[in-house]
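Beneath this line is the structure, given in structure tokens, with notes to follow.
Counting from 1, the numbers follow the sequence of the chain as shown. Basis for what follows: all heavy atoms, side chains included, without hydrogens, waters or symmetry-related copies.
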Amino acid sequence: TSNLTNVVLTDDQVTVTGGSSPCASVVPGGTCTLVGTYVVTADDVADGEIVNTASAEADQVGPIDDSVVVSLPEPSMSIDKAAPVNADEDGSGSVSFGDTLTYTITVENTGTATLTGVDITDVRLTVTGGTAPCATLAPGEVCTLVGTYVVTLDDQEAGEVVNTATADSDQTVRVIDTVTTPVAGQGQIVGALWLDSDRDGVRDAGEAPIVGVTIQLQLAGADGVLGTADDVTRRTTSDQAGNYRFDGVPFGSPARVTVVIDTVPTALRSATFDLDGVLDSATVITLTPDNPTAAGVDFGYAPSAVIPSTGSSTMPIVRTAAALLFVGAGLVLTAVRRRRLRW
């Protein structure tokens with residue numbers, strides 16, 4: 001009910017931008033004001049609130065205080081790098097050298113504040129899609145990055161691909177997610193097809209190659225069992241020396257090598273050699289890291305009938321100048337029990 005003199009308002013946290021303080025005199029019912037600004041700090045964000053106190057005093061009273069608490073939206077985000085999708089270019093059924101892996105990285109705004117300047121980084125990937133960088137990301141929204149990576153020989157030797165993605169924003173600290181993908185070791189299976197003229201099961205000097213024959217490799221899939229729905233097959237053809245080769249054969253998984261008999265000339269379908277001892281034009285091989293190459297997975301065939309002396313020949317194209325000798329009837333082939341060969 002009396003005039004106040006020398007009224008002064010203070011607020012140590014603000015930068016004063018206006019108002020009437022200090023006021024020389026304030027009559028009953030009158031006001032003295034102070035206007036100021038404050039920039040929110042990272043500590044404020046971490047605390048989740050701003051506590052601000054102002055004071056006022058005059059010649060007749062004071063000081064008196066008033067505080068205000070301002071709650072801050074909480075910024076937060078998560079990152080998820082899912083297991084990659086394998087293009088499996090070599091058809092091995094596992095991640096191996098030369099395969100292309102496609103990764104999808106998802107960042108979600110899991111807080112209550114809108115994020116700005118959201119970016120996702122993965123230095124090992126070739127970026128092929130996604131929405132990153134994202135200028136703003138509202139609560140509950142996601143920002144993505146899609147990229148590919150080709151498995152290297154170093155990865156194969158290490159036995160795994162270790163890949164890390166990071167994400168950050170203007171309001172949050174960096175978040176990280178790492179995915180480790182096993183890489184199967186690989187070896188090779190090599191062999192040859194030849195014309196076993198003397199039917200002794202041994203490739204002698206001068207015995208000709210059989211060329212242009214299809215050889216199939218059947219690999220066990222993820223279940224590790226041959227003959228199931230997830231098996232993978234590859235094919236190749238015997239070259240001019242009768243040789244064939246399959247690269248990229250994973251270790252520890254059974255692989256069946258089979259001569260596609262329909263591609264062997266009709267006159268040469270009498271098997272005389274098969275590595276596993278069963279003359280069925282198929283051998284099962286399991287490679288190991290200690291012995292990564294199965295060599296000599298050969299197949300020998302002899303004529304099953306006499307070549308006619310005139311007319312069209314039913315013999316395959318072979319490179320030999322020697323006359324073909326045929327063993328008469330009476331040859332007995334003894335089949336032994338099939339066994340898996342482990343290298």
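We find that Asp155 and Arg124 are joined by a salt bridge, their nearest charged nitrogen and carboxylate oxygen being less than 4.0 Å apart. The existence of a salt bridge linking Arg245 and Asp247 is confirmed by a sub-4.0 Å separation between a basic side-chain nitrogen and an acidic carboxylate oxygen.
Side-chain heavy atoms closer than 4.5 Å link hydrophobic residues (I, L, V, M, F, W, Y) into clusters, and following such links, possibly through other members, connects Leu217 to Phe251. Cluster membership check: Val85 does not share its hydrophobic cluster with Val183, using side-chain heavy-atom separations under 4.5 Å among Ile, Leu, Val, Met, Phe, Trp and Tyr. By the rule that hydrophobic residues join a cluster once side-chain heavy atoms approach within less than 4.5 Å of another member, Tyr103 and Val175 end up as members of one cluster. Put simply, Leu275 and Ile189 are part of the same group of oily side chains (I, L, V, M, F, W, Y) that touch within less than 4.5 Å, one to the next. No chain of hydrophobic side-chain contacts below 4.5 Å, direct or via other Ile, Leu, Val, Met, Phe, Trp or Tyr residues, connects Val123 to Leu125.
Side-chain contact between Asp196 and Tyr301 is absent, with no heavy atoms from C-beta onward closer than 4.5 Å. Here the side chains of Leu193 and Ile215 are in contact, with some heavy-atom distance below 4.5 Å. Side-chain contact between Tyr149 and Thr181 is absent, with no heavy atoms from C-beta onward closer than 4.5 Å. By the 4.5 Å heavy-atom criterion applied to side chains, Val14 and Asn52 are counted as neighbours. Inter-residue side-chain proximity for Val127 and Leu145 is flagged as met; some heavy-atom pair is nearer than 4.5 Å. With a 4.5 Å cut-off on side-chain heavy atoms, Val257 and Gln218 do not count as touching. Here the side chains of Thr102 and Val146 are in contact, with some heavy-atom distance below 4.5 Å. Looking at Val107 and Thr144, their side chains never come closer than 4.5 Å, going by heavy atoms from C-beta outward.
Of the possible polar contacts, none joining the Thr237 side chain to the Gly212 backbone as a donor-acceptor pair under 3.5 Å is found. Using a distance-only test at 3.5 Å, with no hydrogens or angles considered, a donor-acceptor pair links the side chain of Glu207 to the main chain of Ser197. Remark: the backbone N or O of Asp239 is not paired with any side-chain donor or acceptor of Asn243 at under 3.5 angstrom. Judged purely by atom type and a 3.5 angstrom limit, Asp298 has no side-chain atom pairing as donor or acceptor with the backbone of Gly191. Formation of a donor-acceptor pair under 3.5 Å by the Ser238 side chain with backbone atoms of Ile210 is found in this model. Asp47 places no side-chain N or O within 3.5 Å of a backbone atom of Glu49 that could act as its donor or acceptor partner. At least one donor-acceptor pair under 3.5 Å links the side chain of Asn109 to the backbone N or O of Ala113. The backbone N or O of Ala302 lies less than 3.5 Å from no partner atom in the side chain of Thr272, so there is not a single donor-acceptor pair.
Between Cys143 and Leu137, the shortest heavy-atom distance links the atoms N-CD1, 4.0 Å. Of all heavy-atom pairs between Pro84 and Leu101, the closest is CB-CB, 3.8 Å. The two residues Arg203 and Ala192 make their nearest non-hydrogen contact at NH1-CB, 3.7 Å. Leu226 and Leu219 get closest at one heavy-atom pair: CD2-C, 3.9 Å. Thr136 and Thr114 get closest at one heavy-atom pair: CB-CG2, 4.3 Å. Smallest separation of non-hydrogen atoms from Ala58 and Leu4: CB-CB, 4.2 Å.
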Given side chain to side chain donor-acceptor pair (under 3.5 Å), test Thr110 with Ser76 step by step and report yes or no. CA-CA 5 Å; Thr110 55; Ser76 177; 3.0 Å; yes

Please step through ring pair (Phe, Tyr, Trp, His ring centres under 6.0 Å) for the pair Trp194 and Phe273, ending with a clear verdict. CA-CA 9 Å; Trp194 88 94; Phe273 179 81; 5.7 Å; yes

For Val26 and Thr31, what are the C-alpha separation, side-chain angles and deciding distance, and is it a side chain to side chain contact (heavy atoms under 4.5 Å, CB included)? CA-CA 6 Å; Val26 179; Thr31 61; 5.8 Å; no

Go through the steps for Arg199 and Ser270 under the test side chain to side chain contact (heavy atoms under 4.5 Å, CB included), then give the verdict. CA-CA 9 Å; Arg199 294 177 178 264; Ser270 179; 3.3 Å; yes

Before giving the answer on side chain to side chain contact (heavy atoms under 4.5 Å, CB included), spell out for Glu74 and Leu72 the whole-Å C-alpha distance, their side-chain angles and the decisive distance to 0.1 Å. CA-CA 6 Å; Glu74 181 181 0; Leu72 297 178; over 6 Å; no

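No hydrogens or angles considered: a donor-acceptor pair under 3.5 Å links the side chains of Thr5 and Asp59. In this model, no donor atom of one side chain and acceptor atom of the other lie less than 3.5 Å apart for Thr288 and Asp290. No hydrogens or angles considered: a donor-acceptor pair under 3.5 Å links the side chains of Glu89 and Thr100. Defined by atom type and a distance below 3.5 Å, a donor-acceptor pair is missing between the side-chain atoms of Thr53 and Asp11. Judged by distance alone, the side chains of Thr106 and Asp80 never bring a donor and an acceptor atom under 3.5 Å apart. The closest side-chain donor-acceptor pair between Thr116 and Gln171 falls under 3.5 angstrom.
Rounding to the nearest 0.5 Å gives a distance of 7.0 Å between OG1 of Thr41 and CD1 of Ile50. Thr10 OG1 to Leu34 CG: the interatomic distance, rounded to the nearest 0.5 Å, is 8.0 Å. Expressed to the nearest 0.5 Å, how far CD of Glu160 lies from OG1 of Thr180 amounts to 5.5 Å. A distance of 10.0 Å separates CG of Asp65 from CD of Glu57, quoted to the nearest 0.5 Å. Here the OG1 atom belonging to Thr293 is positioned 11.5 Å from the CD1 atom belonging to Ile285, to the nearest 0.5 angstrom. Interatomic distance, Thr152 OG1 to Asp99 CG, rounded to the nearest 0.5 Å: 11.5 Å.
By the 6.0 Å contact criterion, CG on Asp204 is enclosed, its count of non-hydrogen atoms from other residues, nucleotides or ligands being greater than 12.
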